[in-house]
2 protein chains.
Amino acid sequence: MQLKELGLRSGVSTASIKFYLREGLLPRGRTMDSSRAEYTQAHLRRLELIKGLRTVVGLGLDRIKAVTAAIDDGQLGDVELMGRVQAMVLGLAEDPVPDHPLTAGLVGSGRWVDAPSQARNSLNQLLHRMDDLGVPARAEVLAAYADAVDQVAALDLASAEQAGSRDELVLAVAVGTHLYSQLLLKMLAVAQASRAMRPGGRGRGQGAP
Amino acid sequence: MQLKELGLRSGVSTASIKFYLREGLLPRGRTMDSSRAEYTQAHLRRLELIKGLRTVVGLGLDRIKAVTAAIDDGQLGDVELMGRVQAMVLGLAEDPVPDHPLTAGLVGSGRWVDAPSQARNSLNQLLHRMDDLGVPARAEVLAAYADAVDQVAALDLASAEQAGSRDELVLAVAVGTHLYSQLLLKMLAVAQASRAMRPGGRGRGQGAP
DNA sequence: GGGTTTAGGATAGTTCCACTATCCTGTTGG
DNA sequence: CCAACAGGATAGTGGAACTATCCTAAACCC
């Protein structure tokens, strides 16, 4: 198929497709002659992926580029790839961050595997940032969160089993990660709102311990 | 104090302060003469608030404007105000959204107060959106999330008791809400990463049910 | 009292992002 | 044969959040 058809089928304007080609988000089609190129199903899938990552997950083009680069990296296994995608979607830090005492405590307790990860870097980064901002995380809150997320993590997000391509796999995981993380936040808001409405709101606080 | 001093003390350029004045984010100072106006501590606090909401919480100027308008609304009590702030920070929907069956189930179970709220609207919005996207939320996941957030909500976020002004109160709550919601997400990521690293990763999935 | 700063207002310019539109040349299908 | 479309290059758009320039008038300082 050629440019116009690709645009029609994907619902992306030819102008935008050209833009994505220029930016290297979408690989070039097979050039037929000086003014024609042939696109395949793979291009269509890639375009769906870009569309989903932009509109549903809200990623910027630079992030999407990193994701597509990871997909196209044959060295990278599926599991590694998923980790990268999760990191992109949740905006996790890639550079190592020294362990915060609270992280060390959590990991040391044997609750979680004691291995470096982007997720752990990000957690450390946030904890350090909270210290810097003069709002240090309280240990008992962390403990409660740990219990909570541990239950949640036990549920497998990914309906990724039946993905036919790495593009589809990534899209499913990215969308799932994003939507379920949003779900967690909204539910927390509902729970807090619910508590705020119940008796015992002591003046200024939003709830009671 | 005058413009320049306000800029120096707050660490915001005079050009930006002028911009905020124009946009109505910062109230005008008391005009002394055609080319002089006097600013107070209240202006300084407001500027700190704007800075915090932008740089820490990442709110856009339109949202910040809504927050400052709420602060300056004398009709609004502190508790109401806090609800608005939480809604702004977490990007909750203001318009009513019809209950999703899953929400109805949660509320009907008596777990949470059965009253409309922005938080509930947002949850409904998200659940409908997930249906539309063909990724409906699974009831058992929702149940696990509910247990989790209920524990978390039991902890009072706000170190807001000792705030001296509504500006300081709002800043404390906004920063707290934002940072603790981020904390929850990062910890979830860590928990998931930890499970992914443990044995039993069945091929493509990220964890086990 | 005159010269240099500065305030405050108005207006225009800048940077970044994600497109979108225009122009041009070169096929190509009917 | 020629309108239509392909692909490439380049420029323009619109929103967000500033930033810079210009101007007049007042004030501080000696």
Side-chain angles (χ1 to χ4, degrees), chain A residues 1-40 43-44 46-69 88-89 91 174, chain B residues 1-40 43-44 46-69 88-89 91 174:
Chain A
M1 103 194 70
Q2 276 164 270
L3 185 60
K4 195 177 191 185
E5 191 182 347
L6 187 63
L8 286 174
R9 286 218 224 170
S10 63
V12 176
S13 74
T14 57
S16 294
I17 294 177
K18 283 180 168 194
F19 174 69
Y20 293 151
L21 286 168
R22 254 178 322 207
E23 296 292 305
L25 283 159
L26 187 68
R28 305 253 162 206
R30 197 162 55 90
T31 304
M32 308 303 280
D33 59 55
S34 74
S35 82
R36 221 140 291 245
E38 185 68 13
Y39 298 99
T40 65
H43 291 92
L44 195 52
R46 177 59 52 92
L47 223 34
E48 299 286 352
L49 174 64
I50 294 170
K51 218 170 91 178
L53 292 179
R54 281 259 345 109
T55 65
V56 178
V57 185
L59 290 189
L61 295 193
D62 48 348
R63 292 252 167 115
I64 296 178
K65 197 169 175 179
V67 170
T68 57
M88 291 294 170
V89 173
Chain B
M1 104 195 70
Q2 275 163 271
L3 186 58
K4 195 178 190 184
E5 191 182 346
L6 187 63
L8 286 173
R9 285 218 226 170
S10 65
V12 176
S13 75
T14 57
S16 295
I17 294 177
K18 284 179 167 192
F19 173 70
Y20 294 150
L21 286 168
R22 250 176 291 147
E23 296 292 305
L25 283 159
L26 186 67
R28 303 254 162 206
R30 197 163 55 89
T31 303
M32 307 304 280
D33 59 54
S34 73
S35 82
R36 220 140 292 244
E38 185 69 15
Y39 298 100
T40 65
H43 292 89
L44 195 51
R46 177 59 51 90
L47 223 34
E48 298 287 350
L49 174 64
I50 294 170
K51 220 171 90 177
L53 292 179
R54 281 261 340 113
T55 64
V56 178
V57 185
L59 290 189
L61 294 194
D62 49 348
R63 292 252 166 112
I64 296 178
K65 196 169 175 178
V67 170
T68 57
M88 291 295 169
V89 171

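Letters A, B, ... are given to chains in the order of the sequence lines, protein chains preceding strands, and every chain is numbered from 1. Source: prediction; values computed, not measured.
Remark: Glu48(B) CD to His43(B) NE2 distance equals 14.0 Å, nearest 0.5 Å. In this structure, the separation between CG on Leu6(A) and CD1 on Ile17(A) is 4.0 Å, given to the nearest 0.5 Å.
For Glu38(B) against Met32(B), the heavy-atom pair with the smallest separation is CB-SD, 3.8 Å. Nearest approach of Leu44(A) to Arg9(A), heavy atoms of both residues: CD1-CB, 3.9 Å. Shown here for Ala37(B) and Gln2(B), the closest heavy-atom pair between the two residues is O-CG, 3.4 Å. Among all heavy-atom pairs drawn from Gly91(B) and Arg63(B), the shortest one is CA-NH1, 3.7 Å. The minimum heavy-atom distance linking Leu25(A) with Leu61(A) is given by the pair CD2-O, 3.7 Å.
Side-chain atoms of Lys51(B) never come within 3.5 Å of backbone atoms of Val12(B) as a donor-acceptor pair (strictly under, hydrogens ignored). The backbone N or O of Leu59(A) sits less than 3.5 Å from a side-chain atom of Arg54(A), completing a donor-acceptor pair.
Nearest-nucleotide assignment on DNA chain C puts the 5′-proximal partner with Glu38(B), out of Lys18(A) and Glu38(B).
OP1 or OP2 of dT19(D) lies within a sub-4.0 Å distance of a side-chain N or O belonging to Ser13(B). Between Ser16(B) and dA17(D) there is no side-chain N or O to OP1 or OP2 distance below 4.0 Å. Remark: Tyr20(B) is in phosphate contact with dC18(D), judged by side-chain N or O atoms under 4.0 Å from OP1 or OP2.
Heavy atoms of Arg22(B) sit under 4.0 angstrom from at least one base atom. Here Ala37(B) lies in heavy-atom contact (under 4.0 Å) with sugar-phosphate atoms only.
Atom CE of Met32(B) is separated from atom C1' of dA25(D) by 16 Å (rounded to the nearest Å). The NZ atom of Lys4(A) sits 6 Å away from the P atom of dA6(D) (whole-angstrom rounding). Atom P of nucleotide dG15(D) and atom CG of Asp62(B) are separated by 13 Å, given to the nearest angstrom. Note: CD (Glu23(B)) to P (dA17(D)) measures 9 Å, nearest angstrom. Put simply, CZ on Phe19(B) is 11 Å from C1' on dG15(D), counting in whole angstrom units. Going from atom NZ of Lys51(B) over to atom P of dC18(D) covers 12 Å, rounded to whole Å. Rounded to a whole Å, the CZ atom of Arg28(A) is 12 Å from the C1' atom of dA6(D). Rounded to an integer number of Å, the gap from CG of Leu61(B) to C1' of dC18(D) is 9 Å.
From one end of the helix from dG1(C)-dC30(D) to dG30(C)-dC1(D) to the other, with five pairs defining each end axis, the axis direction shifts by 20° (rounded to 10°).
Here the range on DNA chain C touched by chain B, meaning any atom under 4.0 Å from one of its heavy atoms, is dT6(C) to dT11(C).
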